[in-house]
Every structure is written in structure tokens, then in C-alpha cells.
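A short write-up of the structure that comes next.
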There are 2 protein chains.
Amino acid sequence: MKPTIYDVASKANVSIATVSKVLNNSGRISDETRKRVLKVIEQLNYQPSMMATALTGKSTYTIGLLIPDMANPFFGELARNIEDRGHELGYNLLICSTDYQPAKEQNYIELLKRKSVDGIILASGFEQTSEVDKLVKEKFPVTIVARDFPSTYVNSVSLDDFQGGYEATSYLIQLGHRQIAIIARDVWSNRERMRGYKKALEDHGLEEYAMFTFVEKSTVEWGKKVAEEYLRSEKPPTAIFACNDLLASGAIQAARTLHLHVPDDVSIIGFDNTIIATLVDPQLTTMAQPIRAMGREVMDLMVGEIKKEEQSKRRIVLSPTLIKRGSTAKLNK
Amino acid sequence: MKPTIYDVASKANVSIATVSKVLNNSGRISDETRKRVLKVIEQLNYQPSMMATALTGKSTYTIGLLIPDMANPFFGELARNIEDRGHELGYNLLICSTDYQPAKEQNYIELLKRKSVDGIILASGFEQTSEVDKLVKEKFPVTIVARDFPSTYVNSVSLDDFQGGYEATSYLIQLGHRQIAIIARDVWSNRERMRGYKKALEDHGLEEYAMFTFVEKSTVEWGKKVAEEYLRSEKPPTAIFACNDLLASGAIQAARTLHLHVPDDVSIIGFDNTIIATLVDPQLTTMAQPIRAMGREVMDLMVGEIKKEEQSKRRIVLSPTLIKRGSTAKLNK
DNA sequence: CGAATTTGGTAAAGCGCTTTACTGAACTGA
DNA sequence: TCAGTTCAGTAAAGCGCTTTACCAAATTCG
């Protein structure tokens, strides 16, 4: 079977305490003994069990990541960047997809705690703050990403979604558009983007587009469905702001179905700047999220909290960047 | 702090053994005591620590997943499906991205073992079988997915890549193409697909396309780069078989750059049928992998092996399906 | 040269749980 | 009525590690 610390100890003719000290570079050990123990460890290919170590109060070096859906390119990329930074710092990820279901979120949090993760990164929907508050109250390390929690005293790194919505919309306005529709899902980030959208319209003395329905899921299909409704209506929009690239792709498909040209007949702007944005034709003008930076920052905050290096909480808010590509153009009437 | 089994025991006036029995539904407990204990558990919101449980020889209900890159849509989707089935069966995933680097693969395997995962699912490259053989030898539960290991006695679920390559190529031939190029990466699955490609050509008395270079990574950029080289050559291919959808998307972009129309000037066929295939324009004709089935099957095999329900190993080989979309057409000369 | 200190190492408790063996009380039945 | 069963529950060992005392031998110093 797998060798234990006892095997090492007896083969090296020392006590397990000594082996433990060699392992952790603690206490006093003569150079000679240290080498002997190290050699035996090598020979047996001994690897201390993290379970046992964790049971004595040490870290598991495992962090839980709650994410809506890792098959969604945005979250896949985000998870990947979080993982990479974690790897650099010696941590692994236990990833759980929640599908935005509060029940799943709740269950997973309990589960992750039972599995003694060192901390939890929340990239999920979390419409209520109660679960998060609970974690914070019991001093369990939590960090939030891609979702701001203004109300709670917790580490977070998020995007300025409001600004993103504002800029995206402003850009469309600047291109001459007056009838600007929005496609969004009823989740926090999208609502913020929508708030930005409304503010931009208001600031320019424009009216919100008459039609609006939330999509139920952030998928191409839903984007297509809703965009089609908009475009088939009596007064179709000349521009559509889709709250993510998937929805924007759907909007492009809708336009194509209706034999409308993008961007000449209708401009479409997306959000996220995932790989998708460069794949579709025309390529998507989109508000880019700094996914890599977000991943790294959130992991850094998490580890800082775990190691208690940083007592005070921080809220890091990153800015989106407008990436101009082919899906938007000046209004030609 | 977190309540332990001792807290429950003392509050319920029983021994920890009794609590343990209530928890595991083992041994004899009177209904009265059981209820009392259960009530205390509820009150304290007690959750047994999986670390401690695992230390006594029980499962951790955690499975390691080694995958090249979860930001790659194919692997993202695969991971998601594996996770879903795992969730149904009570398992979580510790996911590690290896970037096809053998060193990372090796390290992660050691790490996962130290973390006492119940088993490891390998979706990674693994050009050498040695690490896998080692796991098998020490009876550590391993299952391989999306990668066949004909030589080793191990559970696996894979795609018939050879057949996929053969069918994709045959389809192009059937459409009248004679100059068929291939874009592939030097990894096992791609080599198999290439073998199918060659066999199909041979069976139809056709010659392999004169040019060929492996891409270094399976990215849009590489697909574009290589496709451009092919299409710019003196005798450009009339059809390109790209070994995955990302590469195929790159090929479409290359064609567009050269003002060639897809599919009229050049037909392009992909592989995987990820979300990407429906996003690009024209939509990709592609060999679909049954990603969902693969995810479920591999998790089932894994759990079967962990629970020792199934002694004998199985190799499950699934068939790809040709999905005809807009990126391929009859050769018009 | 003897007391104080340093050095190198060990014994044992404890982390939170499972499980085996055991016990005393209540219940059988001839 | 009393030995034999069943029942309900407990004590204690053990899983693989860390850590706190603690100790004997070697070294230092006044």
C-alpha cells in the first residue's frame, strides 16, 4: 500500500516526529539524520497524505469555485485563469457548476465546507446575499468575482458593469443610432449593464426602446429568439446591445434569418469578448472584460485572506474596454 | 467553531459511537435515541468532516480530472458533462489543466493522489503510457476519456477517431473533391483521424494532398495560418478537413482573407461539433463527438471501478456522426 | 570541574471520525 | 425461574499526521 510516515520512520530508525520535522523543516535535526530520512522518503516514494495533514489543522490547498456553467466560454476562460494563478500559488480548484440555481449554490457551499476547502470563490449568480453573509459571519474565506456585493463586507473583484453598459450604448448612439434595443438576462450583472444602457439613453435625450423581454438563459438560441422578435416588430431597432457574446451571436443569426445585413441594416454589440467574438461573422464589436486579470486578482485576494496576510477586505472594480470590430457601423438611413 | 461529533454526542447525552451510527445508519439504535441525535445534529447544523471520514478509509467522493485546457470549448463541454454525471452520483471534480505538458500531468497525478481523490479521469494528451501504467499497476482507479489506450488494461471511453477521419474525408470525396488537405495537431486523436483520412483517400484511389504541416496548437490562429499556406499554394485544395472546430474556424477565416467563398470555392469540414460549429458563418459541417454521452459514460466507469462493482475493465468506443451544415458543398469546377 | 545551556531527538496527545469488541439490561421460552 | 437471546449503547483502538512537552547527551562557561 501507500507508505505512511511510520514506514519512513522505521526504515530510517527514527521516530515519526523526526520525519515530520524533516518534512516541514521545523525543529532541530542534525544534517546527518535529515539526509538519511530524505533518502528513505525518496526510496519509498513517500508522499504525506493531505487528508491527515489537513486534519491537524493545516491547509488543504484546495479552493472551491462556484460557477454558473463552465461550458459557457466566459466562465470557462475565467475558471482557467483562476486555476492558473492558483497553480502558481500552490492551490487546486474544486469546481462546481450551479446553473444559477440557488439551491445548488447552497448545497455546494455546504459540501465544500465539509470537504475542508481553504476558501470559496463565488462566480455564481447569487441573487440573495444571505448565504454569502453567513460565510462572512463565520469568518470562512470567501471571495466574489464577476459580481459585486456592495452590501457585504467581503473581498471581491468585479467589472464595472454599469460603465460597460453605458459605454456600449454611448458608442451606438455616437454611431447615429436612436432605436437601440437591449437583450439581457435577469441577473445582477446584466441588470447593471442595463442600468448603464438606460442612463446613456437618458443622457442623450433618447427613449428606451419600446420592447423588452428578459431572456431565460444566456444562449445563442435565446439571443436569436428575442432579437427576432425585436427585428420583426413594427419599429425595429437599428442597433442591439446584447449583454453577452452568446446572445449577440444569436442576434446576428436572427438578422441573417430576416435577411438583414449586419452592420449595415442593424448594428450589434456584445459583451465579454470571449473567443466567440472573433469567431462569428462579422466579428463582434464588444465590451471586453479583462478575464485574465480578474482570474488572477480574485485568486490573489483569496489566498491573501486564507493566509490572513490581508486583514482588510477589498473591492476591486475593473473597467471594461470597447473593442471595435465589424458588427457595428454608422447608421445609414 | 464548527461543531464536531463530540459536540453532538455530549449535547445528546450519548457516545460519539452512537452519533456515528445514526449518521451512517449502521448498528442498532432505538428510534427514540436516533431522533434525539438527529435533532441535535439539526440544531447545531452539524456536518461531519469529510477529511476525518476519509482518514478512516472511506471515500472522499472527489475525483480528479486531468484535462488539457478547460477554456477550450470541447474540453469545457466535456468537463461539464462529466461533472453533471458526477453530481448525480455524489462526486465532485478536482480539475487540473495540463496544457498537454507531460510534466504537469505527472505532477498533478501525484498531487491528486496526495489529496486522496477516489480516482482520476484522464482526458489529457498523454503521449506516453508510463504514468497510466503506473496507476494501473498500483490499482489506483483511472479511467481514460477522449483518448484510447489500446495497450493498457484500463477503463476507457473514446471516440472512433479513425472512423471519424475516414467518414469526413469520404464525405468530401463524395462531394467530388479530389484535392483534400488536412489540418491536424500532433496528438494521438488527430493522428488517428489523419489515418482515417489517408485510408479514405487510398480506398478511392486518390493521393494525399501534397502539403502538410502539423499545427502547434489547436487554435483559430493556427488553423488560419496553415489553411492560408495551403490555399496560397500553387495547387490549392478544394476541400480542407480540419481536425477540430477551432482549426476549421481558422480555415474559414483564411478563406475569407483570400476572398475565397466557403463552400463554393473551398469546402471545410470540422470535428467535435462544439458550440463553435453553429456560431461561425457558414455553419460548420463537422464530425460530431457525443460529448454528453462520453462524459456520462466515463463517470459511470470511474464510479464503477471505485466501488469495485465492476471488476473487468471496459473499453467503450463511440462513433462520431456527420453533421452536414453550410461549410461544405459539391465541387463545382 | 561542576552547573548551565544547547543539541538532537522521542513519547504521547490530539485532530474528527469509524468500527470492533464488549457489556449490562430487557426479553425469551421450557 | 433461570440460562440463553436479543437489544441498545459504549469504550477504545486506529486512520496518518503535527506539535508540545520532555529528556539524555554533548557542549559551554565561570
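Keep in mind that what you see is a predicted model, and the values were worked out from it rather than measured. In the text below, chain A, chain B and the rest are named by the order of the sequence lines, each starting its count at 1.
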- Query: Just how far, in rounded Å, is P of D:dG9 from CD of B:Glu32?
  - Reply: 8 Å
- Message: Classify B:Ser20 by what it touches in the nucleic acid, base, sugar-phosphate, or nothing, heavy-atom distance under 4.0 Å.
- Response: base
- Task: For the side chain of A:Ser30, starting at C-beta, report the closest nucleotide among C:dG9, D:dT10, D:dT18.
- Result: C:dG9
- Message: Using heavy-atom distances to pick each residue's nearest nucleotide on DNA chain D, tell me which of B:Arg36 and A:Met51 is more 5'.
- Response: B:Arg36
- Please work out if A:Thr33 contacts a base, only the sugar-phosphate, or nothing of the nucleic acid, heavy-atom cut-off 4.0 Å. sugar-phosphate
- Query: Taking the side chain of A:Ile5 as heavy atoms from C-beta outward, which of D:dT19, D:dG16, C:dG9 is closest to it?
  - Reply: D:dG16
- Is B:Lys21 side chain donor-acceptor paired with the D:dT10 base, going by distance under 3.5 Å alone? yes
- Winner on side-chain proximity to A:Pro48, out of D:dT18, C:dC17, D:dC17, is D:dC17
- Query: Think A:Tyr46 has a side-chain N or O under 4.0 angstrom from the OP1 or OP2 of D:dC17?
  - Reply: yes
- Can you tell which of D:dT18, C:dC17, D:dC15 lies closest to the side chain of A:Asn24? D:dT18
- Task: Rounded off to whole Å, could you give me the CD-to-P distance for the A:Gln47 and D:dG16 pair?
- Result: 15 Å
- Note on the structure: From the candidates C:dA11, D:dG16, D:dG14, the one with an atom nearest any side-chain atom of A:Ala17 is C:dA11
- Give B:Val19 one of three labels, base, sugar-phosphate or nothing, depending on what nucleic acid heavy atoms sit under 4.0 Å from its own. nothing
- Between A:Lys137 and A:Asp133, does at least one N-O distance fall below 4.0 Å, as a salt bridge requires? no
- Item | Protein-nucleotide distance (A:Leu55, atom CG; C:dA13, atom P), rounded to Å | 17 Å
- Base, sugar-phosphate alone, or nothing: which one does B:Thr4 contact when heavy atoms must sit under 4.0 Å apart? sugar-phosphate
- Would you kindly give the NZ-to-C1' distance between B:Lys58 and D:dC15, to the nearest whole Å? 13 Å
- With nearest nucleotides of DNA chain D determined for A:Thr56 and B:Arg28 from heavy-atom distances, which residue corresponds to the more 5′ nucleotide? B:Arg28
- Task: Indicate yes or no for a side-chain donor-acceptor contact from A:Asn72 to the backbone of A:Phe74 under 3.5 Å, with no hydrogens or angles considered.
- Result: yes
- Is the closest side-chain donor-acceptor distance between B:Thr62 and B:Lys115 under 3.5 Å? no
- Note on the structure: To the nearest angstrom, the CG-C1' distance between B:Leu23 and C:dC17 comes to 9 Å
- Lys/Arg-Asp/Glu bridge criterion (N-O < 4.0 Å) met for A:Asp300, A:Arg314: no
- What's the CE-C1' distance between B:Met50 and D:dC15, to the nearest Å? 17 Å
- Item | Touch class at under 4.0 angstrom, heavy-atom based, for A:Thr18 against every strand present | base
- Message: How many whole angstroms separate atom OH of A:Tyr61 from atom P of D:dC17?
- Response: 16 Å
- Query: Does the distance from a Lys or Arg side-chain N to an Asp or Glu carboxylate O, for A:Lys134 and A:Glu131, drop under 4.0 Å?
  - Reply: no
- Rounded distance in Å - CD1 (B:Ile16) to C1' (C:dT19): 11 Å
- Can we say B:Glu305 and B:Lys313 salt-bridge, meaning some charged N sits less than 4.0 Å from an Asp/Glu carboxylate O? yes
